[in-house]
Amino acid sequence: MSGTPRLSNQAASAATAPVATPVVLVELDFAAGPFRVWTGLGPLDWAGKVFEGAGSIGAISDVEETVELRAVRLTLALSPVPQEVVDIALAERSYRLRPVTLWGALLDAQGAFVADPFPLWAGLMDTMEVTDGAEPSVALACESRLVDLERAEVRRYTDADQQAEYPGDRFFEFVPALQEAEIRLPNQ
């Protein structure tokens with residue numbers, strides 16, 4: 001692979017400027033509402049969204065790129081975090097399989113975007129590890145959408161299964177009757 005295909009021409013030329021700060025924006029789509037942070041300090045506005053600065057308490061594991069068709073994982077961590085963040089993390093119960101999006105961007109010397117942020121990674125939240133103690137921390141493991149290809153699809157071609165997934169849909173309603181039916185074709 002040659003070059004960096006995700007960077008716009010403007011961002012690619014700015015990357016060689018004397019002052020260009022690479023940053024990462026993270027959006028976690030929790031059921032209670034989105035949680036947005038970025039790798040700098042203070043609030044950062046982009047696309048009508050406000051990202052709060054995580055600064056040095058945030059960490060992102062390496063974003064792996066591969067030419068293979070396989071799921072890749074990454075971990076987002078905050079440590080040490082205030083107790084209220086730990087409380088929010090402990091209260092969040094329906095985060096699993098909800099979307100996570102990371103964007104990469106370059107800021108100039110004044111802290112303005114050189115070009116629009118570009119998609120860096122997208123996936124789903126998997127597991128959250130919360131450590132509540134002297135140095136509280138939250139670590140969220142995320143996986144790419146390709147992990148769906150590795151999961152077994154546990155579905156049955158029955159009316160009960162269809163009703164569980166699509167209430168009111170009658171597609172499989174007569175399947176049991178058809179299994180016992182005797183069908184006679186007309187004589188020719």
Side-chain angles (χ1 to χ4, degrees), residues 4-12 14-15 19-66 69-132 135-151:
T4 305
R6 294 186 194 128
L7 289 177
S8 67
N9 291 338
Q10 185 182 10
V19 178
T21 306
V23 297
V24 177
L25 291 80
V26 178
E27 182 176 66
L28 307 171
D29 186 20
F30 287 109
F35 181 77
R36 298 180 185 107
V37 293
W38 70 292
T39 54
L41 297 174
L44 181 68
D45 295 332
W46 174 63
K49 303 173 182 177
V50 177
F51 294 80
E52 297 298 328
S56 62
I57 67 168
I60 302 171
S61 66
D62 290 339
V63 177
E64 181 183 358
E65 285 194 39
T66 177
L69 187 60
R70 65 179 174 89
V72 293
R73 297 177 59 96
L74 68 82
T75 302
L76 306 171
L78 291 173
S79 176
V81 293
Q83 185 61 41
E84 57 265 19
V85 173
V86 171
D87 294 341
I88 292 170
L90 289 172
E92 188 64 51
R93 297 186 187 277
S94 59
Y95 63 88
R96 193 157 187 281
L97 301 180
R98 296 194 59 91
V100 176
T101 308
L102 278 70
W103 294 273
L106 292 171
L107 301 180
D108 64 15
Q110 287 74 40
F113 287 106
V114 172
D116 280 339
F118 55 92
L120 190 59
W121 192 86
L124 305 170
M125 295 182 233
D126 186 24
T127 58
M128 187 180 319
E129 183 179 324
V130 179
T131 304
D132 191 10
E135 190 168 305
S137 63
V138 178
L140 180 64
C142 306
E143 52 195 16
S144 72
R145 293 182 187 272
L146 290 177
V147 77
D148 287 342
L149 298 174
E150 298 173 0
R151 289 193 180 107

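No hydrogens, no waters, no symmetry mates; every other heavy atom, side chains included, goes into these values.
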Where do [X] and [Y] come nearest, in terms of heavy atoms and distance?
X: Ser61; Y: Thr75; result: OG-N, 2.7 Å
X: Ala89; Y: Val130; result: CB-CG2, 3.8 Å
X: Ala105; Y: Phe118; result: N-CE2, 3.9 Å
X: Leu78; Y: Ala54; result: CD2-CB, 4.1 Å

From [X] [atom1] over to [Y] [atom2], what is the distance, rounded to the nearest 0.5 angstrom?
X: Leu124; Y: Thr101; atom1: CG; atom2: OG1; result: 9.5 Å
X: Leu120; Y: Leu74; atom1: CG; atom2: CG; result: 8.5 Å
X: Leu106; Y: Phe113; atom1: CG; atom2: CZ; result: 10.0 Å
X: Phe35; Y: Met125; atom1: CZ; atom2: CE; result: 10.5 Å

For [X], check side chain to side chain donor-acceptor pair (under 3.5 Å) against everything at least two apart and list the hits.
X: Asp108; result: none
X: Gln83; result: Asp87
X: Glu143; result: Arg73, Arg151

Going through the checks in order, is the side chain to side chain contact (heavy atoms under 4.5 Å, CB included) test met by Val138 and Met128?
CA-CA 7 Å; Val138 178; Met128 187 180 319; 3.9 Å; yes
Sorted by first residue and then second, give each ring pair (Phe, Tyr, Trp, His ring centres under 6.0 Å) pair with at least one member in residues 79-99; sequence neighbours left out.
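Sorted pair list comes back empty.
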Heavy-atom count around Glu52 CD within 6.0 Å, excluding the residue itself: above 12?
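Yes - once you tally the heavy atoms of other residues, nucleotides and ligands closer than 6.0 Å, there are more than 12.
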Under the side chain to side chain contact (heavy atoms under 4.5 Å, CB included) criterion, do Trp121 and Val100 qualify, and how do the steps go?
CA-CA 8 Å; Trp121 192 86; Val100 176; 4.3 Å; yes
For residues 95-105, which residue pairs pass the salt bridge (charged side-chain N to carboxylate O under 4.0 Å, His left out) check, not counting sequence neighbours?
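For residues 95-105: Asp29-Arg98, Arg96-Asp126.
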Residue pairs, two or more places apart or on separate chains, that pass salt bridge (charged side-chain N to carboxylate O under 4.0 Å, His left out) and touch residues 112-122:
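Qualifying pairs: none.
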Among all residues two or more places apart in sequence or in another chain, which pass the side chain to side chain contact (heavy atoms under 4.5 Å, CB included) test with Ser94?
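Residues passing side chain to side chain contact (heavy atoms under 4.5 Å, CB included) with Ser94: Ala31, Glu92.
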Tell me, please, which residues at least two apart from Ile88 pass side chain to side chain contact (heavy atoms under 4.5 Å, CB included).
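With neighbours one apart ignored, the set is empty.
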Under 3.5 Å, side-chain donor or acceptor atoms of residues 37-50 against the rest of the protein: list the pairs with distances, not counting sequence neighbours.
from  : atom 1 : to    : atom 2 : distance (Å)
Trp38 : NE1    : Gly42 : O      : 2.7
Thr39 : OG1    : Val24 : N      : 3.1
Lys49 : NZ     : Glu27 : OE2    : 3.4

